[in-house]
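For reference, the structure discussed in these notes is given below.
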Amino acid sequence: MQYGAPYMNGALQLQSGVTAGLRPGATMRAMSAPDTLTLIRPDDWHTHLRDGAALATTVPHTAAQFARAIAMPNLKPPLTTAAQAEAYRQRILAARPPGAAFEPLMTLYLTGNLPPDEIERAWAAGVVAVKLYPAGATTNSDAGVTDLRKTHRTLEAMQRHGLLLLVHGEVTDPDIDVFDREAVFIERVLEPLRRDFPALKVVLEHITTRDAAQYVAEAGPNLAATITAHHLLYNRNAIFSGGLQPHYYCLPVLKREEHRRALVAAATSGSAKFFLGTDSAPHPAHLKECAGACAGCYTAPAALELYAEAFEAAGALDKLEGFASLHGPAFYGLPVNTTRVTLRRQDWTLPDSYPLGEAIVKPLRAGQTLRWRLQA
Ligand SMILES: NC(=O)N[C@@H](CC(=O)O)C(=O)O
Ligand SMILES: [Zn+2]
Ligand SMILES: [Zn+2]
């Protein structure tokens with residue numbers, strides 16, 4: 001990763017004021033305040049591009065920031081066959097802006113009757129992973145898994161073919177407090193699953209708690225986690241500040257400040273077990289600004305800007321490239337990208353909304369100032 005002028009000519013030259021609030025162990029590079037940040041082009045290991053007319057918005061946004069992205073399969077109806085995944089891939093490719101080299105990475109949706117044969121076909125078609133949604137845990141998860149035992153032969157086939165299992169890690173037990181559902185999932189579901197399938201590579205998606213960060217950090221090499229920008233930047237106060245704020249409502253829901261700090265520590269630790277996954281999840285604004293608001297934050301238009309802000313606040317800009325561009329490909333067994341992106345320190349205002357088919361979508365931080373800007 002390269003930092004731009006003016007502060008990097010002498011590594012010890014510090015901008016006045018930036019030493020305050022440094023975390024212990026922050027490097028001199030991170031202490032200075034660079035004006036540009038050039039990194040190997042990152043990938044998004046968790047995004048919702050949706051389908052149909054929405055692709056005209058989501059695909060250009062994601063393609064402007066990332067070389068590749070894991071396209072989540074929770075469409076209506078969900079993607080459960082290799083043929084459906086391939087057709088969806090073609091629709092995504094067709095929505096790329098001219099000249100964009102963006103490559104979607106495809107996934108299937110795990111159900112109680114996804115046949116092991118389909119895993120074989122998916123593998124042959126280049127599908128890289130299968131997503132486990134506990135039934136009812138989140139948006140479009142009604143077709144998800146109710147009894148994990150029904151999926152054992154399928155998980156075996158995935159383990160054999162080297163497909164990853166991506167997990168929405170929350171129990172759906174109504175007796176478990178919403179804020180505890182991730183921690184309980186780890187104990188009740190993830191731990192036994194990893195014991196049964198020790199060679200299966202698992203990504204615990206969009207982790208939100210210290211419990212998850214610790215569990216992943218201490219687990220063997222076949223478990224990793226994605227972390228969103230919004231879970232690095234906000235705690236649950238954001239949902240309730242100045243009235244109810246539906247654009248900060250996602251699942252798993254934002255947690256207490258102590259958990260946010262643990263996620264920042266994990267993301268900036270340099271550990272290859274943690275990598276970037278925006279969980280950018282657009283919903284029409286009228287389905288967010290209403291009773292029964294949908295869960296999901298739309299972060300794709302300024303994803304790297306938001307991550308840079310979080311890493312800079314932690315004095316750890318030097319750790320961004322590993323998190324955004326290196327750890328994900330290493331875990332997935334894919335090559336690292338060869339092109340670069342540059343972020344410039346520049347205040348700009350994120351638009352209030354974007355079209356989303358016939359509707360509009362309001363991005364996280366709509367109409368607010370961002371401190372970094374991705375260069376076109
Ligand atoms: N994260 C969310 O709050 N919503 C996601 C689903 C998911 O990733 O759980 C969506 O598809 O809208
Ligand atoms: Zn999820
Ligand atoms: Zn998601």
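Both counts, for ligands and for their atoms, begin at 1 and track the order of listing.
- In this structure, of His206, Lys131, Arg50, His48, the residue bringing a heavy atom nearest to atom 12 (O) of ligand 1 is Arg50.
- At the top of the distance list for atom 3 (O) of ligand 1, counting protein heavy atoms only, stands Leu251 N, 2.7 Å.
- Close approach of ligand 1 to Cys250 (heavy-atom distance below 4.0 Å) involves ligand atoms 3 (O).
- Checked for salt-bridge contact, Arg153 and Glu156 miss the test: no charged N lies under 4.0 Å from a carboxylate O.
- Counting non-hydrogen atoms of neighbouring residues, nucleotides and ligands closer than 6.0 angstrom, the CZ atom of Arg41 exceeds 12 such neighbours.
- Side-chain atoms of His46 do not come within 3.5 Å of backbone N or O of Thr228 as any donor-acceptor pair.
- Residue contacts with ligand 1 include Asp279, since one of its heavy atoms falls under 4.0 Å from the ligand.
- Looking only at heavy atoms of the protein, atom 9 (O) of ligand 1 is closest to Thr138 OG1, 2.7 Å.
- At the Zn ion (ligand 3), the vertex angle linking NE2 of His48 with NE2 of His46 is 110° (nearest 10 degrees).
- Counting only distance, with no hydrogens or angles, the side chain of Asn74 and the backbone of Asn140 share no donor-acceptor pair below 3.5 Å.
- The minimum distance between the Zn ion (ligand 2) and any N, O or S atom of His168 involves atom ND1.
- Taking 4.0 Å as the cut-off between side-chain N and carboxylate O, Lys362 and Glu289 count as a salt-bridged pair.
- Distances from the Zn ion (ligand 3) to each N, O or S atom of Asp279 single out OD1 as the nearest.
- Near Asn74, with a cut-off below 4.0 Å to any heavy atom, the atoms of ligand 1 are 6 (C), 10 (C), 11 (O).
- By the 6.0 Å and 45° rule, Lys201 stacks over the aromatic ring of Phe331.
- Interface of His168 with ligand 1, defined as ligand atoms under 4.0 Å from a residue heavy atom, comprises 9 (O).
- The CH2 atom of Trp372 sits 13.0 Å away from the CZ atom of Phe311 when rounded to the nearest 0.5 Å.
- Atom NE2 is the N/O/S atom of His206 found closest to the Zn ion (ligand 2).
- Close contacts of ligand 1 with His283, meaning ligand atoms under 4.0 Å from a residue heavy atom, involve 12 (O).
- The backbone N or O of Leu114 sits less than 3.5 Å from a side-chain atom of Thr154, completing a donor-acceptor pair.
- Side chain of Arg96 to main chain of Phe102: a donor-acceptor pair is present (N/O by atom type, distance under 3.5 Å, no hydrogens or angles).
- The shortest separation from a heavy atom of Glu205 to ligand 1 is not under 4.0 Å, leaving the residue out of contact.
- Residue, atom and distance of the protein heavy atom nearest to atom 4 (N) of ligand 1 are Ala295 O, 3.1 Å.
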